[in-house]
Structures are given as structure tokens and as C-alpha cells.
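Read through the structure below, which is laid out as C-alpha cells, and then see the notes.
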Amino acid sequence: DTTHHEQNNRIPNQLTVDVIISPSNSKNSTMCPNSITDMSKATGAAVLPASYREALNTLTANADSSNNNPSLSTLSDESLLALTKKLLSHFYSTKGQWVGGDWIDGETELLRLAGSAADYNKVLSAFNLGSLVGDYLRTLVDALEYKVDKNKKQPELLSKVRKVGDDEVYGPVAVGGLYSGISFEVWTSPTPDAGDNTNESDNSEDSVPVAVVLGAGNQNFLSILDVLDNALRRRRPVLLKHHPLRPFLSEPYGIILEPLIKRGYFAQVQDVSIDATKTLLSDPAVGHVHITGAFETAQAVHDTLQKAHPQLSSDKIKSMITSELGCVTPQILDDGVYTELELQHVCQTITFGKKSNGGCNCLSAQVVVLPKHWAQKDLFRSKLFDELKRQPTTPCYYPGSVERKASMVGKCKQAGSKCATVVAASVSEETQISEADQVCVVECGSPGDEGYNPDPLLSEAFGPVLAIVELDHDESGEDDYLAKTAVPFVNDKDNIFGSLSCSVFTPLSKGKTYDRKGLQSALAALLYGSIGVNQCNIFGYTTIVKGGKWGGHPLEKLGQSGNGHVGDQYGIIGNKNAKAIVYGPSLETKPILDLASTPPPIVFEVLMELTCTPSVLGGLMSASKMVMIRSVHGIISYLPLVGRFFQ
């Protein structure tokens, strides 16, 4: 989920492209997948590429209503509802076009997957894109329908409200029908001490119209959700500059977003060069920038805008930027007595969060936080190593990640930290991996002890590094380890980088998660934008398609994990401090995410039919038809003489 997560070891641009993307030419992309943009290293001014100028002209023409389409910022709620419904209907009707295509092969090649792993990724990737976009649009329709007609049944997320101290808590509601037992809440609190990263600026009369989204580089669904959030929720015309690693996304995006393209509300262009990007951001037509990337890149964006608008204050420039910038994601284990099965499931969840996508996720587990005097810490370590061996390894494909891992581990070894690489099998026989792709576990020690090494906690690895730190704690209190020791440690940004997301694991022996006052107090105090309780952080992100939120915590004043958020279709948050908390089932329940036990591809194909359709009945009929055809094909393929024609 990063536009420019590489902080060192950047690969220079190797190919320049000057092309505006539309549904008709979206396949004509030859951008080199190793072309990485680093704005901080740009050399000087550049002429705005013709494709960029054409896109801006199209968007600004609609912004001031100089053609037949009203500007997005002036649309009534009723008109926006009609547009969203049109987009959703188009999304359903074009499923056969955006599910397949060259873009799926492009992503598989980028991820360096082969054989069964490639086959699995092709259906999973299409499902992730389709299910998230569909859920986002359906939620926005629900929110707008309630907004224009208060006689409509109140949405579930708005109907469940409780108080935890000064926090107002909405929910819980299910994260989705496919994930039984997993729910989320939105916690909001007053904002008298809000930090600088509460940017929720809306269009105003003196604002310039176009929002530029700098595309994410590590997932296929991130950029399109950023586009939808800016265009439909913020009502800004959007120009998406694709990440150079994922130029192929112009194909499905062009199909899905065609109604916005035709109305002049959305345009997309490919990456050309560093200087071209800086020139684009400096254009007078650009009034907002949204970036998914690194802290350094966000600062470069700020500096570029400040140079282009010297008359504006630094605070005004900050209000023009929203960003999601990553995190050293902590996995916090509560003290107490866990069953062996609970420990196994904790380790399974952490391992999935670490190994998914080669560790190249902003929410990838990076540090395990343990109580120093916890009686089960050695058993936990043993099970964690077993799990890291059991779940297969995927290639760490993202440019610079392997080198960054080597640098981080090398420094830790020089500091005297114990570093152990855990070797596991590849995700498929045909997929090539090396030791550099395997997870390295770094023992950091305990703060205050001789030899303590905080380095792996102070910068995002964005790759296969997992640190372990132990926190000393006075055991005289009852159920206060989280609130008095763990939470203050991770909230202090001198100890650990970022505030995007974290996970907290706690045993059933200490009580149910909703009913435990000590746990609820600790969750209220955690300054992270998303918190998983007995659950993987990935579901923190997916709350945005159901009315939740994703972004750094607004009270983390350094802005290490960014500024603003995406989500909040129901308007719960506004300018308040907010975070999303996801609850998993008891740790006795087997986690649904496991790289060593993935569902067969046809499961996701069936789910695609069920979720990317306007009606349940239609989805069931389509899924049944597909299963029947596959079954007949499978039977025939085993016939000795006929089967060879179906191979």
C-alpha cells in the first residue's frame, strides 16, 4: 500500500510513458515494473506531459460546470445517490470484463508467482478488488438513502451506540457476511487536543478543484478505493497517477469507473517521471493530494506544494494533503494464562500478517510485544517459530525490500541482537524463493536492560523482518499490564514508529473482550487508527467499505502514519478523533486466514458470483451454473478418449 516505500536502494525510472488512460486504450501500457518514483530526488522543473494536461483540462471543465455535467461539489445528495447507484449497476454489469484481462497476468508476474500459487492469486486478486469495491458502493448507497430519507430504517452502525469513558462507540457490526464472528466498532472522542493529522477538509468556494491520487504500489484495490473516497465522499474530481509498479490497473479501473470518466469526474494517467509528478502537483488546477506511501514522500509532496504556493502557510498546505504512510505494526500479547490452542492461533494470525504479500504491507506485523515476566513466553516463541516454518513463504517482490531487510538485520547483528532466519517452503513448487525472502526474527531485548536494541521498532521494514521486545511490568496490579505498561510503550513514538494499526491478543481466561473493563480502558487509550482484538490487522482496513475508517490516529502529532482517513460513509467521524476496533472470536476458534491452508480457487469464484451481483437470487443462480459447468468439465476431462480435448 505504498507509493514510494523505498527509502534507500531506489531503482531509477527506466521508461517514460506519455499516455492518458480511457476504457478504450487502458491495455496499452508498457511501464517497467521496476520504475520507482522518488520525489525527494527530483532534479528540476519539467513540462507537464500532454496526457496530464488533457486530464486536468477535462476535470477542471467539469469542476466549473463549463460542459453539460454539473460539478461534483455542487451535486445534491439525491444526485450523488443516483450517480452512486449508476456506478454500482455498471460495476455489476461489467463484471465479466474487469474480472479477467491482462491485468491479472501483470500482477501475477509482478508478485513473481508461478504454478498453483499463480492460479490462486489470479482468482483471489479479482475477488479482493470486486468484493471491496462492491461493498464500498453498497455502503455509500445505504448511507445516502438514509440521509435523503430519514423514514428509512436507520443503518445498523448508527443504531448501536454506547459510551466508554469520554468515547462514543458505534457498533459492533459484522465486517462482512463472509467472515463469521468478526465485527468492528468505530470509536470517536472529542477533539480539543486534536493533532495536525485530522485533515478532513471539504471543498470550499476558494478551493481549487482537482484531487490527485498518487497510486499505491503493493495492492490492486487501494488506489480505486482512494479514488471512490475522494470523488464520491469528498466530491472532488480525481486524477489518479498510477504507481509505476502497477500500470496494468488502468484496465480494470477504466472499466469499473467508466461512468465517472464519461462525466468528467475521473481521469487516470501513467507515471512518467519524478519531475513530471512534481510539475503535476504544482499545477494551479490541483487543490488536494492523497498519497499512500512513505513519510519521506509525504514530506516531499508538502515541500512541492509549498514551493508552488509560497503565499500559503504550512498549515494550509497540510490541509491540502491526506496520506497513509505505514507503521511498525505491533502485535501486543496480554499477560495471563493461554491454552496451547490459543497460543497456536495467536502465532498463526501473526505469521499470516507477517508473510502475506512477502511482508510488503503497511499493516504487516513487525514487532511482537511480550510481558517480560510472562510464564508462557518461551512456549509462545516455540510455537511462533513452528508457525513461521509451517506457513509457506511468498517472494518479497517489492523493490528495495530485500535490501532494506539485509541492512536492518546487519545492523541488529552488529548491535549484538540475536537474529534467526526461519526457513519455510515456497508457496508453490514452481515459485522461486531465496533465503532473502524468509522471515528473520530479531530479539530486541527489554527497554532499560543492557543490550536493548530498538532499531527494528523505529523504521518500517516493509519486508520479512519480525522483532520481539519484552516489557518489564510490576505484577502487583490486577489486569493492568495493557493499560499501565504495553499501551504507554507503543503510544510513545520515541519507542516505536507509526500509529496506523496494531493487534492485541488476550486469553479467554481473562474474560470476554466486550465485557472486560480493563481491556476496554486499554483500547480507549491506544493511539492507533485501527486495532485488532484477537484478529489480524487486515480486517481493520476492510472496515472502510462498511462505514469504518483507515488512517493514522489523529492524536499522533508527528503524522508518522499520515494525515486524515478514508471511509466513514455514514458521517460518524467528521473532524472528531476516531479509530476502528475489530473484534475476532475467542482465540480458541481457528483463524480463517492461513497461508498453509488456502481454499481452492473455485471458492473465490463462487464468492465472486455471490457478492458482485445485484441480487442474492441472481448470485446463487450464477454460482450454481458455474459449479455445474465446472463439474461436468471435470467429469469429462477424466474420460480417456475425450478428456484430452478439455485439458
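Owing to the predicted nature of the structure, the values given are computational and were not obtained by experimental measurement.
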task: For the pair H345 and T589, evaluate side-chain hydrogen bond (donor to acceptor under 3.5 Å, both in side chains) and give the outcome as yes or no after the intermediate values.
output: CA-CA 8 Å; H345 290 163; T589 305; over 6 Å; no
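- Listed by chain and residue number, nothing satisfies the salt bridge (charged side-chain N to carboxylate O under 4.0 Å, His left out) test with E78 (two or more places apart in sequence, or in another chain).
- Counting only heavy atoms from C-beta outward, the side chains of N563 and H565 never approach each other to under 4.5 Å.
- V582 is not listed as a side-chain neighbour of I531, based on a closest heavy-atom distance of 4.5 Å or more.
- Looking at heavy atoms from C-beta onward, R236 lies out of side-chain contact with V210 at the 4.5 angstrom threshold.
- Using a cut-off of 4.0 Å between Lys/Arg side-chain N and Asp/Glu carboxylate O, D149 and K152 are scored as not salt-bridged.
- With a 4.5 Å cut-off on side-chain heavy atoms, K510 and L519 do not count as touching.
- For T84 (side chain) and L80 (main-chain N/O), a donor-acceptor pair under 3.5 Å exists by modelled atom type.
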- request: Decide salt bridge (charged side-chain N to carboxylate O under 4.0 Å, His left out) for K160 and E185; before the verdict, give the C-alpha distance in whole Å, the side-chain angles of both, and the deciding distance to 0.1 Å.
  value: CA-CA 9 Å; K160 300 177 178 179; E185 298 174 328; over 6 Å; no
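- Considering only heavy atoms from C-beta on, H242 comes within 4.5 Å of L240 through its side chain.
- Residues passing the side-chain contact (heavy atoms from CB on, under 4.5 Å) test with L527 are N491, H553, L555, sequence neighbours excluded.
- Not one N or O on the side chain of N361 forms a donor-acceptor pair closer than 3.5 Å with the backbone of L363.
- Using cut-offs of 30° and 60° on the angle between ring planes, the pair W550 and Y541 is perpendicular.
- For A143, the side-chain contact (heavy atoms from CB on, under 4.5 Å) partners are Q569, Y570, not counting sequence neighbours.
- Residues Y528 and K579 come closest through the heavy atom pair O-CB, 3.3 Å.
- Residues F539 and F184 keep their aromatic ring centres 6.0 Å or farther apart.
- Counting only distance, with no hydrogens or angles, the side chain of S323 and the backbone of L325 share no donor-acceptor pair below 3.5 Å.
- Judged as a ring-ring contact (aromatic ring centres under 6.0 Å, His included), not a single pair has a partner in residues 133-167 (not counting sequence neighbours).
- Judged purely by atom type and a 3.5 angstrom limit, E556 uses its side chain to pair as donor or acceptor with the backbone of G559.
- Residues S561 and C327 come closest through the heavy atom pair OG-CB, 3.9 Å.
- Looking at K549 and D568, no side-chain N of the basic residue comes within less than 4.0 Å of a carboxylate O on the acidic one, giving no salt bridge.
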message: Test side-chain hydrogen bond (donor to acceptor under 3.5 Å, both in side chains) on T329 and N537; report intermediate values, then the result.
response: CA-CA 9 Å; T329 308; N537 301 85; 5.7 Å; no
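- At least one donor-acceptor pair closer than 3.5 Å links the side chain of T611 to the backbone N or O of L607.
- Remark: of the listed residues V504, T506, I182, T506 is the sole one forming a side-chain contact (heavy atoms from CB on, under 4.5 Å) with N534.
- Between D334 and R516 a salt bridge is recorded (basic side-chain N to carboxylate O distance below 4.0 Å).
- Side-chain atoms of T349 and F505, non-hydrogen and from C-beta on, do get closer than 4.5 Å to each other.
- No side-chain heavy atom of Y265 sits less than 4.5 Å from a side-chain heavy atom of P259.
- Checked by atom type and distance alone, the side chain of S89 never pairs as donor or acceptor with a backbone atom of K86 at under 3.5 Å.
- Aromatic rings of Y253 and W103 (six-membered ring for Trp) have centroids beyond the 6.0 Å cut-off, not under it.
- Nearest heavy-atom pair, A522 versus A483, reported as atom, atom and distance to 0.1 Å: CB-N, 4.1 Å.
- For K493, the salt bridge (charged side-chain N to carboxylate O under 4.0 Å, His left out) test picks out no residue, with sequence neighbours left out.
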- request: Run the numbers on R162 and E168 for salt bridge (charged side-chain N to carboxylate O under 4.0 Å, His left out), then give the verdict.
  value: CA-CA 6 Å; R162 64 188 177 98; E168 198 167 47; over 6 Å; no
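- With a 4.5 Å cut-off on side-chain heavy atoms, L257 and L260 count as touching.
- With no hydrogens or angles considered, a side-chain donor-acceptor pair links N220 and S125 at under 3.5 Å.
- Between E145 and K150, no side-chain nitrogen of the basic residue sits less than 4.0 Å from a carboxylate oxygen of the acidic one, so the salt-bridge criterion is not met.
- Looking only at distances, a side-chain donor or acceptor of T543 sits under 3.5 Å from a matching main-chain atom of G540.
- Scanning all heavy atoms of the two residues, the minimum distance from T188 to A578 falls at CG2-CB, 4.1 Å.
- H288 contributes a side-chain N or O that, together with a main-chain N or O of M320, makes up a donor-acceptor pair within less than 3.5 Å.
- Remark: Q97 pairs with no residue by the side-chain hydrogen bond (donor to acceptor under 3.5 Å, both in side chains) rule, at least two apart or across chains.
- To the nearest 0.5 angstrom, W98 atom CH2 is 13.0 Å from L249 atom CG.
- With hydrogens and angles disregarded, a donor-acceptor distance shorter than 3.5 Å links the side chain of R246 to the backbone of G217.
- In terms of modelled atom types and a separation under 3.5 Å, the side chain of S223 and the main chain of A216 share a donor-acceptor contact.
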